[in-house]
Colleague: 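Sending over a structure as structure tokens; questions will come in a sec.
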Amino acid sequence: MPIKSVSIRIEDDMLKKLAYVADYEGRSVNSHVLVLIRESIKRFEEEHGEIDGTIKPAINVKPTKR
């Protein structure tokens, strides 16, 4: 499956807090954002039904390093 890149604009304070949470969970900011996105998709699909496509939200979720 091809990997795409997404750029976002984020306030410095929010990025610092996100980095703190990601580090606490044993992840990079990028990995943590992917986990948050997958969780959001999973919640959406549980409420509204599966989104047509080949990617399942649980695929490639890295376990925490705790």
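Just so it is clear, the model here is predicted, and its values are computed rather than measured.
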Colleague: Return the minimal non-hydrogen interatomic distance between Ala22 and Ser28, and the atom names on each side.
Modeller: CB-O, 3.7 Å
Colleague: In Å and rounded to the nearest 0.5 Å, what is the CG to CG distance from Leu18 to Leu36?
Modeller: 7.0 Å
Colleague: Hey, could you give me the CD1/NE2 distance between Ile51 and His48, rounded to the nearest 0.5 Å?
Modeller: 9.0 Å
Colleague: Tell me if the CD atom of Glu46 is crowded by more than 12 foreign heavy atoms within 6.0 Å.
Modeller: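 Yes.
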Colleague: Which atom names give the shortest non-hydrogen contact between His32 and Val21, and what distance separates them?
Modeller: NE2-CG1, 3.5 Å
Colleague: Give, for atom CZ of Arg38 and atom CZ of Arg43, the distance between the pair rounded to the nearest 0.5 Å.
Modeller: 14.0 Å
Colleague: Is Ile37 reachable from Ile10 through a run of I, L, V, M, F, W or Y residues, each pair having side-chain heavy atoms under 4.5 Å apart?
Modeller: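 Yes, same cluster.
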Colleague: Do Tyr20 and Met14 belong to the same hydrophobic cluster, where Ile, Leu, Val, Met, Phe, Trp and Tyr are linked whenever their side-chain heavy atoms lie under 4.5 Å apart, directly or via other members?
Modeller: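 No; tracing contacts between hydrophobic side chains, which count when under 4.5 Å, never links both residues.
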Colleague: In terms of side-chain geometry, is the basic nitrogen of Lys17 or Asp13 positioned less than 4.0 Å from the acidic oxygen of its partner?
Modeller: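 Salt bridge: no.
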